[in-house]
Each structure stands twice: as C-alpha cells, then as structure tokens.
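Shown next, in structure tokens, is the structure this report addresses.
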Amino acid sequence: MSHPASPCTGTCTLDPLSALCRGCARTMDEIMAWPSASAARKQAILGAVAARHQSVSVMSK
C-alpha cells in the first residue's frame, strides 16, 4: 500500500470549538502523527476527515 498525500491545505489554524484544523479537518494528534504514520493509518485518518466533511455538509443543509 502506498502512502497517500497529506490533506494539508496550508491553512493551519485550529478551531477552538471543534479542535480541528480549519484547513484539513484533522485533529492535532492526527497532524502530529502523519509524518511517521503507516500507509494504513494515513488511510484511516483520511477516512475520518472525509466523515467530518460529510457531517458538516449534512448539518449545513
């Protein structure tokens, strides 16, 4: 399994209410773990990010 690209958008600001990055929707733990994470762990993080984006889009409708 190859390593996926980082979801970082360069907008690195943590939201004080959600504790998620406003650019990539990762937690601080996920951001810090990314460089040394296995490909499988990176895929899991991307899955969590996708779920967060989905829940936000559903809530905003």
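Nothing here was measured: the structure is a model prediction, and the numbers come from that model.
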Listing, residues 36-48 side-chain donor-acceptor contacts under 3.5 Å, not counting sequence neighbours, or none:
from  : atom 1 : to    : atom 2 : distance (Å)
Ser38 : OG     : Arg41 : N      : 3.1
Lys42 : NZ     : His3  : ND1    : 3.3

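Note that SG of Cys8 is 7.5 Å distant from CD1 of Ile31, once rounded to the nearest 0.5 Å. A distance of 9.0 Å separates CZ in Arg52 from SG in Cys24, rounded to the nearest 0.5 Å.
Using a 4.5 Å heavy-atom cutoff, the side chains of Leu20 and Thr27 are in contact.
Not counting sequence neighbours, the partners of Met32 by the side chain to side chain contact (heavy atoms under 4.5 Å, CB included) test are Met28.
Counting all heavy atoms, side chain and backbone alike, His53 lies closest to Ala25 at NE2-CB, 3.9 Å.
Screening residues 7-28 for salt bridge (Lys or Arg N to Asp or Glu O under 4.0 Å) gives Asp15-Arg22 as the qualifying pairs, with residues at least two apart or on separate chains.
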